[in-house]
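Working notes for the structure below.
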Amino acid sequence: MTKIKSLDELRKRKEQLEHRMEIRDKSDHPESLVQIKVAMATCGIASGARTVMNALVEKIKKEKVPAIVTQTGCMGYCYAEPTVEVKKPGQDPIVFSYVDVKKAEEIIDKYILNNELLDGILPANYQTI
Amino acid sequence: MYKMQLLVCGGTGCRASASAKIVEKLNESLKAHGLDEDAQVVTTGCFGFCEKGPIVKVIPDNTFYTEVQPEDAEEIVAEHILKGRKVGRLLYENPETQEHVSDSKHMGFYQKQMRIALKNCGVIDPENIDEYIARDGYSALAQVISDLTPQQAIDLLKQSGLRGRGGAGFPTGLKWEITSKFTSDQKYVVCNADEGDPGAFMDRSILEGDPNAVIEAMAICGYCIGANKGLIYIRAEYPLAIRRLRIAIQQARDYGLLGDNILGTDFSFDMELRYGAGAFVCGEETALIASMEGNRGEPRVKPPFPAEDGYLHKPTVVNNVETFANVPVIFLKGPEWFSSIGTEKSKGTKVFALAGKINNVGLIEVPMGITLREIIYEIGGGIKNGKKFKAVQTGGPSGGCLTEKHLDTPIDFDSLVAAGSMMGSGGMIVMDEDDCMVSIAKFYLEFIVEESCGKCTPCRVGNKRMLEILEKICKGKGSMEDLDHLRNFANVIKDTALCGLGQTSPNPVLSTLDNFYDEYLAHVKDKKCYAKKCKDLATYTIIPEVCTGCTVCAKNCPVEAITGERRQPHFINQDKCIRCGVCYTKCKFNAILVQ
């Protein structure tokens, strides 16, 4: 271990380490963050949901987007996998279909950060309890 | 980059229920499913909800699994981590609605809590200093030693209104200031981790869950008072806390956060551990210092206070673990933030160890000024088995009991003293209608008699005499004069004992006499213990209509006091009966009546 020799070095060290705790800090107030759920049932994984999820996680980390990514089970849209549900605080969730890495980045850039809607939104045909 | 993390409680309670095995199994399952790069298992400190341990918390979705067994690990990984389906049967069930609650934020146990001293417990890995640094660890120390003079730092602490969490509630900033004023070639910072109250485990949990916070605060204290040496006096019965402290101290040294010229300044500070053998009196600061010096753990007359004449006769600050755990946050968030929490004279929060006849046994941290009702019924989930609340003992053997009439009193240092109890270190033992208050007072006195160091007569002899009177009363041989004697003894001991242990030792007797005088009367006059706890006052009889004559009681009676023909109601000979209660526990037909 290298020694920390000044206040600045401690700050730098903290910045390097922050991401380790980020996920835990965020989970403390999930309702105030954008919640992204990737459907990771067998059908989703087979259609590439894992790569999509990795891309989402990487981008959120890189651009410090106030969002958390979790996985869920099958949403029932097996024909349109991979599907990603995005819920902004205080809004109804929106489900995007046929998401690939490119689309995942678009979701963050356009919908999450700029409120623009994209093609491929599945109509909400269910109620959650 | 991990997408998910599984936080597993590594406190003593959950480890006793095989949480280390759970960690092992979780790691195995993650590997088997090829998820070991997606999800990380982290061992943390105590989550506080010991009643439902072992706890596993999955983040980022904040799912709180309770009573997890090692065999459940595979299901958590296969269902939750792989497929995103929560394992319903391991979720906490709201006892009122029978609904599963997955997010700990929505559990009654956590809703009223405010975690300052415990902010990292259950969040970080206590054996990894990096996680502490990532949560602003050592930033307070860095700021204090680079930007503030010792006096400025002390002034901030005084403004915050922090009072000692060990029991008496002495203002911490003032203690540091007094010690800083004495000049000496050497001064010491001592952390009192000799937690001895029956039922209290908050200091242990802080040291197990966030040892670096205490180390950082001790270094800040060292800078403020001009000491370069710290000592933690910890009982040898806390092996896990000791292990984690050792790791934390070593890691801090490796980073140069302890040692010479910390962060390039002139300030140097290092520390070591001292082990106590578990004597209750060594929690008293002068006895603690004597024990650290290698002498018999006995208190001495104050003044001079340790601030002037402490360890090796040098000026010494002695603070409790929880007091130290509050210090770094105060410097990070400012004294105004801290003093905005709590009541007028007691600022901040207090950690309580909730134990006894309560549904949610565990460790809680609540803002000062919360009521007992909120703690017992909202956080604690009410009394076990739907019984009636009777009293709660705060402050352990030095405190007293609070009853139904105190349920809505805001709790702080001063209100508890006014109610005849004290904050103490924060043990809270809840009692229900089945508890006999005379026996409770006797229990605490037995503890005191066992733990009295014997240096002063009032404590050594007086408590012994009081215990004898209580034993007499519990045997049904007490008289009204005995009750007067008890009160006299108590007052004399209170006024004349040498140290805090002795002066407060009669408190349980006095407060039960004040609040439950009718129970004492029942024992003395009617020779009855209505809680059925004092065996010598119980009579066992057989209800003839219910007895089937199965002869089980007669066979098990050790003194052959039960007679009767097979298939005919039996009979207990009261002259022979020794009131052992075996017949009561053995009878399958509830035919034995205890009165």
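The chains referred to below are lettered A, B, ... by the order of the sequence lines, with proteins before strands, and numbering in each begins at 1.
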Considering only heavy atoms and a distance below 4.5 Å, find which of [options] pairs most often with chain B.
| options | value |
| --- | --- |
| Glu15(A), Met21(A), Met40(A) | Met21(A) |
| Thr70(A), Leu17(A), Leu56(A), Leu7(A) | Leu17(A) |
| Glu9(A), Glu18(A), Arg13(A) | Arg13(A) |
| Lys14(A), Gln16(A), Lys5(A), Arg24(A) | Arg24(A) |

| said: Which label fits Phe269(B) and Phe267(B): parallel for a plane angle under 30°, tilted from 30 to 60°, or perpendicular past 60°? | reply: parallel
Residue selection (most heavy-atom pairs with chain A, distance under 4.5 Å) from [options]:
| options | answer |
| --- | --- |
| Thr265(B), Leu7(B), Leu257(B) | Leu7(B) |
| Arg135(B), Lys57(B), Lys86(B) | Arg135(B) |
| Glu131(B), His80(B), Gln40(B) | Glu131(B) |

| Going by atom types alone, do Tyr132(B) and Glu216(B) pair a side-chain donor with an acceptor below 3.5 Å? | yes
| query | Can you name the nearest heavy-atom pair linking Met271(B) to Ile215(B), along with the distance? | reply | CE-CG2, 3.8 Å
| message | Determine whether Tyr110(B) and Phe64(B) satisfy the following criterion, ring pair (Phe, Tyr, Trp, His ring centres under 6.0 Å), listing intermediate values before the conclusion. | response | CA-CA 12 Å; Tyr110(B) 286 106; Phe64(B) 197 87; 5.6 Å; yes
| Ion pair check, Arg85(B) and Glu79(B), cut-off under 4.0 Å | yes
Which bit of [X] comes within less than 4.5 Å of chain A, counting heavy atoms only: side chain, backbone, both or neither?
| X | value |
| --- | --- |
| Ile262(B) | neither |
| Leu141(B) | neither |
| Asn120(B) | neither |
| Asn261(B) | neither |

| query | In a check of side-chain contact (heavy atoms from CB on, under 4.5 Å) between Val65(A) and each of Ile60(A), Val34(A), Asp109(A), which one passes? | reply | Ile60(A)
| Is it true that atom CZ of Arg246(B) has more than 12 heavy atoms of other residues, nucleotides or ligands lying nearer than 6.0 Å? | no
| Ring centres of Tyr111(A) and Phe96(A) under 6.0 Å apart? | yes
| message | For Ile68(A), which atoms come within 4.5 Å of any heavy atom of chain B: side chain, backbone, both, or neither? | response | side chain
